[in-house]
Amino acid sequence: MNVTSRLALRLVPDSLQSQPVFLCIDDTMVSTFGTKFEDVSKLFDHAAHNGSNYLNGHCFVSIMLCVPVWNQQKVSYLSVPLGYRMWQKKESKLALAASMVRQVMPELCQKNVIILCDSWYVKQNLVSIVDEYPNLDLIGNARSDSVIYDLAPAPTGKKGRPAKHGRCLSIATDFTLSAEKVGEYYTGCRRVLTNIFGTKEVLAYVTSPSREGGTRRLFFSMVFPSQLQFFCAYQEKAPLNQTGNSQMQYIPLFLCSFRWNIEISYYEQKSFWSLCGYMLRSRKGIEMLVNLINISYYAMKIFPYTEETFFQYRDGSVQEFRFAISERIRQQVFYANLVQNIETHIKSNIIAKVLKQLCLKHTG
């Protein structure tokens with residue numbers, strides 16, 4: 001994880017060194033067809049497509065690093081997965097994710113690092129890690145029933161301890177949604193206090209597909225727009241590259257979209273890289289194989305950026321580039337075998353005649 005972090009950071013050009021990098025945290029389920037695997041258990045999976053929300057298998061916690069690179073004069077974030085850890089019930093997924101973040105943070109000490117995660121990980125057990133590093137912040141989705149408070153009122157001068165926070169807020173009635181859609185949703189924003197972040201003020205965003213009714217979602221951001229030195233005009237994708245003065249306050253919310261890259265990584269590794277196809281029984285063996293697959297996937301992600309010969313594959317999928325590399329390997333193997341098999345004088349003469357005829361045919 002540390003080595004892959006260092007390799008990814010080398011891809012950041014000097015002109016983008018001030019830009020933040022993102023650490024995406026999530027977990028994924030891998031279904032197994034037996035009970036002889038070590039640490040296999042019944043797991044709840046809200047995205048399961050087997051007719052039930054439960055599956056028999058393993059859960060892996062992983063982190064992904066997103067670093068800024070130039071792509072056709074636009075800032076594009078390259079997302080590279082760093083590693084997997086199998087979840088065991090003796091340790092919570094929050095603690096496991098926190099240990100993985102601590103593992104790589106020494107490599108990121110010179111960067112402004114922002115953790116991106118979903119509502120499962122926006123809990124005090126993980127949020128508390130932000131206090132350990134001055135360059136670390138967090139943006140994430142939160143449970144809609146999270147308790148949030150208004151800011152503490154100004155001191156009144158009366159006797160007694162001043163209030164630590166204001167009244168309890170409701171995402172349904174205390175957030176005024178924007179008159180027009182911000183991206184795909186109507187959005188409300190205000191500074192709040194919540195027990196998850198202790199005494200720190202955070203930005204709370206509430207989004208809804210419609211101004212009246214509709215399901216409302218809650219997001220928290222420890223990052224404020226004034227802290228982001230972000231070149232919005234050079235961003236590769238909307239809505240960041242369309243942000244004007246009226247929407248600058250929503251930049252932290254837009255950054256949540258980078259978290260989706262870890263879901264894409266899960267899909268590609270499961271569908272095309274045999275992440276679910278392990279036939280090892282020990283936990284250590286499974287972890288090693290899964291991380292070996294991840295390293296191979298990672299190598300195909302960064303190779304077009306480290307070797308200019310393959311720059312045309314930067315915009316393509318990892319699978320397309322892997323296929324192109326495998327085709328070249330097959331060609332090299334074919335030529336190597338051909339040379340080994342024509343060592344005798346008789347075979348060499350036959351091959352020479354065939355090649356001569358081919359040359360005459362093409363020149364003619």
Side-chain angles (χ1 to χ4, degrees), residues 1-26 61-69 75 77-80 82-83 85 92-118 121-142 148 151-152 164-165 189 191-205 219-232 240 248-256 258-259 262:
M1 288 171 56
N2 291 68
V3 171
T4 51
S5 299
R6 287 196 294 270
L7 290 174
L9 291 175
R10 291 176 189 172
L11 302 179
V12 181
D14 293 338
S15 57
L16 297 178
Q17 289 293 332
S18 62
Q19 298 300 294
V21 298
F22 302 100
L23 274 179
C24 304
I25 301 175
D26 207 349
V61 177
S62 72
I63 60 175
M64 169 180 278
L65 179 63
C66 303
V67 296
V69 293
V75 178
Y77 270 84
L78 177 65
S79 303
V80 287
L82 300 183
R85 293 292 182 270
S92 72
K93 288 189 282 188
L94 296 168
L96 188 56
S99 68
M100 297 177 74
V101 173
R102 291 189 183 98
Q103 177 70 34
V104 300
M105 278 305 295
E107 309 296 337
L108 308 175
C109 59
Q110 302 298 322
K111 295 291 183 181
N112 177 20
V113 185
I114 301 174
I115 294 176
L116 303 176
C117 53
D118 62 14
Y121 292 93
V122 181
K123 296 181 176 67
Q124 200 167 23
N125 292 0
L126 178 65
V127 170
S128 61
I129 197 176
V130 174
D131 297 328
E132 301 176 18
Y133 303 94
N135 62 322
L136 186 60
D137 291 298
L138 183 143
I139 302 173
N141 188 202
I148 53 178
L151 301 183
K164 293 183 178 180
H165 53 73
C189 173
R191 293 193 179 213
V192 301
L193 294 171
T194 177
N195 294 333
I196 299 174
F197 296 92
T199 59
K200 293 180 180 179
E201 292 184 16
V202 296
L203 281 177
Y205 293 93
F219 297 82
F220 289 131
S221 172
M222 299 182 70
V223 184
F224 293 90
S226 58
Q227 298 173 263
L228 292 170
Q229 298 177 352
F230 223 74
F231 300 115
C232 296
L240 277 172
M248 288 295 289
Q249 61 177 325
Y250 303 116
I251 289 180
L253 179 63
F254 296 155
L255 298 182
C256 286
F258 289 116
R259 197 195 69 81
I262 199 170

Q. Have Gln19 and Lys111 got a donor and an acceptor in their side chains that come within less than 3.5 Å?
A. no
Q) Measuring from Leu7:CG to Leu82:CG, what's the distance to the nearest 0.5 Å? A) 10.5 Å
Q: Taking all non-hydrogen atoms of both residues into account, name the closest pair between Ile129 and Ala98 and its distance.
A: CD1-O, 3.3 Å
Q) Between Ile139 and Leu203, is any pair of side-chain heavy atoms under 4.5 Å apart? A) no
Q) Atom CZ in Arg259, atom CD1 in Ile115: separation rounded to 0.5 Å? A) 13.5 Å
Q. Any donor and acceptor pair, going by atom type alone, linking the side chain of Gln17 with main-chain N or O of Val12 inside 3.5 Å?
A. yes
Q: Please examine the side chains of Leu193 and Glu201, heavy atoms only from C-beta on, and report whether any two atoms are closer than 4.5 Å.
A: yes
Q | Rounded distance (nearest 0.5 Å) linking atom CD of Gln103 with atom CE of Met105 | A | 12.5 Å
Q.
Within the structure provided, determine whether Pro252 and Tyr205 are in side-chain contact (heavy-atom separation under 4.5 Å).
A. yes
Q) Looking at side-chain heavy atoms only, is the closest gap between Arg102 and Glu132 below 4.5 Å? A) yes
**Q.** Full working for salt bridge (charged side-chain N to carboxylate O under 4.0 Å, His left out) between Lys200 and Asp131
**A.** CA-CA 11 Å; Lys200 293 180 180 179; Asp131 297 328; 2.5 Å; yes
Q. Is it true that atom CD of Gln124 has more than 12 heavy atoms of other residues, nucleotides or ligands lying nearer than 6.0 Å?
A. no
Q) So, for Asp26 and Tyr121, which heavy atoms are closest and what is the spacing to 0.1 Å? A) C-OH, 3.8 Å
**Q.** Residue pair Leu65, Leu23: steps toward the side chain to side chain contact (heavy atoms under 4.5 Å, CB included) verdict
**A.** CA-CA 5 Å; Leu65 179 63; Leu23 274 179; 4.1 Å; yes
Q. With sequence neighbours left out, what residues match Thr194 under side-chain contact (heavy atoms from CB on, under 4.5 Å)?
A. Ile148, Ile196, Phe197, Val202, Phe220
Q) Looking only at heavy atoms, which two atoms of Val101 and Ile25 are closest? And how far apart? A) CG2-CD1, 3.8 Å
**Q.** Between OH on residue Tyr77 and CG on residue Leu255, distance to nearest 0.5 Å
**A.** 8.0 Å
Q: Measure across Phe219 and Asn141 and return the closest heavy-atom pair with its distance rounded to 0.1 Å.
A: CD2-CA, 3.6 Å
Q | Minimum heavy-atom distance Ala8-Val67, with the two atoms named | A | O-CG2, 3.8 Å
(Q) Return the CG to CG distance between Leu16 and Leu11, rounded to the nearest 0.5 Å. (A) 11.5 Å
**Q.** Ile63 CD1 to Met1 CE distance, which is reported to the nearest 0.5 Å
**A.** 3.5 Å
Q) Is there a side-chain contact between Ser79 and Ile262, using heavy atoms and a 4.5 Å cut-off? A) no
Q: Give a yes or no answer on whether the side chain of Gln227 reaches the backbone of Phe224 with a donor-acceptor pair at less than 3.5 Å.
A: yes
